[in-house]
Amino acid sequence: MALRVLTGITTTGTPHLGNYVGAIRPAVAASRRAEVASFYFLADYHALIKCDDPLRIQRSRLEIAASWLAAGLDPDKVTFYRQSDIPEIPELTWLLTCVTAKGLMNRAHAYKAAVDANLAAGEDADAGVTMGLYSYPILMAADILMFARKQSGFDAMRVPVGRDQVQHIEMARDVAARFNHLFGAGRDCFALPEAAIEEQVATLPGLDGRKMSKSYDNTIPLFAGGAGRLRESILRIVTDSKAPGEPKDAESSHLFAIYRAFAGADEAAAFRRELEGGLAWGEAKQRLFERIDAELAPMRARYEALIARPADIEDILQAGAKKARALATPFLAELRAAVGLRSMRELAAPAAQKPKKKGAKGARFVSFREKDGHFHFRFLAADGEELLLSVPFEDPQAAGEWIRVLQKSGGAASFAWGPGDLEIRKTEHVGGHAYELWYGRERLAEGGPRAEPAARDAAVDKLVAEMEALWQQAGEG
Ligand code: TRP
């Protein structure tokens, strides 16, 4: 995939029309492009920074997930997950925290605004400021960089955000560059993310004409409350006091601005002519309601069906977390090793391997695609014997990342045979005597059953020898 696109949605509120027009609709459209791999997640750890009401967090996660799915986000095409289901993210946050300058965080707009407000009120500069708020940009950097592994075969990591978030993306770049410099060993760990500001996506005015925003209490809910609530809200849009029959100025009317966000160019032009021809505001509101409802009604039906079955949403998010972790787990393993969090066992490794003859064909990984669409890899000994067959992966990148982890494990590395991160478990089943390769809690691959335990044990010994030889080569190369 040429492009990765990633964005987070803080789960503190109920989605409104402004979120739909400004974020949900363009994101769903972008996620359908074939050359883009999209990552969308519920930023629920970020929500905890702003909100200490557990019920509101719970409700908002459900409503936001249901809204995005109802609006057409296809969880089979994109990676849709909850931040709090990816334990690698807070772990990466700490690694990044340790290389982030405090001075950089002092300059974050959100923190500075809080300090300015405190000083203006004659309070202590940091009154009411939590470490969560202060470190907010580091968690956000981890969200992004977790999926920005440089060697993953994408050209750019794009982060669509509002203007208020651009500084955070710049901070993520700074932190990534610092980490690369310290720990990349001449080779970048992270690709640097880029902010993508959607210029053509208008911000939607709210009921009072200011930007539609929860903080101005001027929103029109997207699905909550059904068509009835939508109509009621639209009736509350502020207009001028021109009487029916009097010409209206469409350009200065936010009712018209909202209409335009939902209508095609011809439709909008026709509506403008009617307003200029004296259409009554009451009638104009009815037209606006009908236009918006025509787009939203089918989605609302899906939304209501989803909300009624929260367990299904949970399943979708769990499946998304699995996809996300297939990338995050091996990458975090590399990053831990990069900073020096490595297994002790590696220090005892005797490195008494005979050097490989130049040109000799060594053991190797090969990946392939199964007819059912899943991806696998095999590990073949130098003589071609199959020593491992991986579990199925939905994503070819996940298979590739695990191969890279396994190739490098020993040399540079944090791995150990036995109950360390990387482990071979012998298994017995009806097919015979087999073995499995585990990384932490992930079962990665298995070795085909042998009729005799001795044959299985020999295969395990061969696997260990071949992989250690491979690591030695990787260490030299
Ligand atoms: N801070 C973002 C906002 O308030 C939400 C967010 C969290 C995010 N993590 C992110 C956006 C990572 C983009 C990338 O809008």
Side-chain angles (χ1 to χ4, degrees), residues 3-16 18-24 26-27 30-31 36-51 56-57 60-61 64-65 67-68 73 78-86 88-93 96-97 100 105 108-114 130 132-149 154 156-176 190-198 201 203-204 211-215 219 320-321 324 327-328:
L3 194 64
R4 276 190 188 178
V5 172
L6 175 146
T7 201
I9 312 112
T10 309
T11 54
T12 42
T14 296
H16 54 66
N19 300 137
Y20 175 73
V21 168
I24 303 176
S31 74
V36 179
S38 314
F39 297 76
Y40 293 104
F41 66 95
L42 306 179
D44 49 359
Y45 280 142
H46 276 107
L48 298 181
I49 295 170
K50 301 177 186 172
C51 174
R56 179 143 155 233
I57 298 277
S60 173
R61 295 200 316 172
I64 291 178
S67 299
W68 281 71
L73 193 73
V78 308
T79 307
F80 183 50
Y81 56 99
R82 262 180 310 219
Q83 185 186 33
S84 65
D85 285 334
I86 317 294
E88 289 82 4
I89 290 175
E91 197 169 344
L92 177 57
T93 301
L96 299 178
T97 299
T100 301
M105 296 299 98
H109 298 320
Y111 170 66
K112 273 194 355 198
T130 64
L133 175 67
Y134 189 67
S135 306
Y136 183 109
I138 312 180
L139 177 57
M140 188 159 155
D143 291 333
I144 301 168
L145 298 177
M146 191 77 258
F147 300 98
R149 184 182 183 280
F154 59 92
M157 177 68 153
R158 207 154 286 168
V159 186
V161 284
R163 294 206 164 278
D164 59 323
Q165 298 291 319
V166 171
Q167 189 199 32
H168 292 148
I169 311 301
E170 281 160 8
M171 290 176 160
R173 290 173 66 92
D174 280 0
V175 172
F190 299 119
L192 300 187
E194 298 157 18
I197 311 151
E198 297 272 356
V201 176
T203 49
L204 204 68
K211 177 186 170 190
M212 188 178 289
S213 162
K214 202 174 36 168
S215 30
T219 63
L327 300 175

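Heads up: numbering here begins at 1 and tracks the sequence. Whatever order the structure lists ligands and atoms in, that order sets their numbers, starting from 1.
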Visitor: I'd like a table of the close N/O pairs between ligand 1 and the protein (anything under 3.5 Å), one pair per line with both atom names and the distance.
Guide:
unit_1	atom_1	unit_2	atom_2	d
ligand 1	1 (N)	Y136	OH	2.5
ligand 1	1 (N)	Q165	OE1	2.9
ligand 1	4 (O)	T10	OG1	3.4
ligand 1	4 (O)	Y136	OH	3.2
ligand 1	4 (O)	Q165	NE2	3.4
ligand 1	9 (N)	D143	OD2	2.7

Visitor: Is a side-chain donor-acceptor pair under 3.5 Å present for S213 with S215?
Guide: yes
Visitor: For the side-chain contact (heavy atoms from CB on, under 4.5 Å) test, which of T93, T10, T11, L139 pairs with Y45?
Guide: L139
Visitor: List for me each residue that meets ring pair (Phe, Tyr, Trp, His ring centres under 6.0 Å) alongside H16, sequence neighbours excluded, and say none if there are none.
Guide: none
Visitor: If the condition is ring pair (Phe, Tyr, Trp, His ring centres under 6.0 Å), which residues does F147 pass it with, not counting sequence neighbours?
Guide: F39, Y81
Visitor: I'd like to check the ring pair (Phe, Tyr, Trp, His ring centres under 6.0 Å) partners of Y134; sequence neighbours left out, ordered by chain and number.
Guide: Y111
Visitor: Walk me through whether D44 and S84 qualify under side chain to side chain donor-acceptor pair (under 3.5 Å).
Guide: CA-CA 6 Å; D44 49 359; S84 65; 2.7 Å; yes
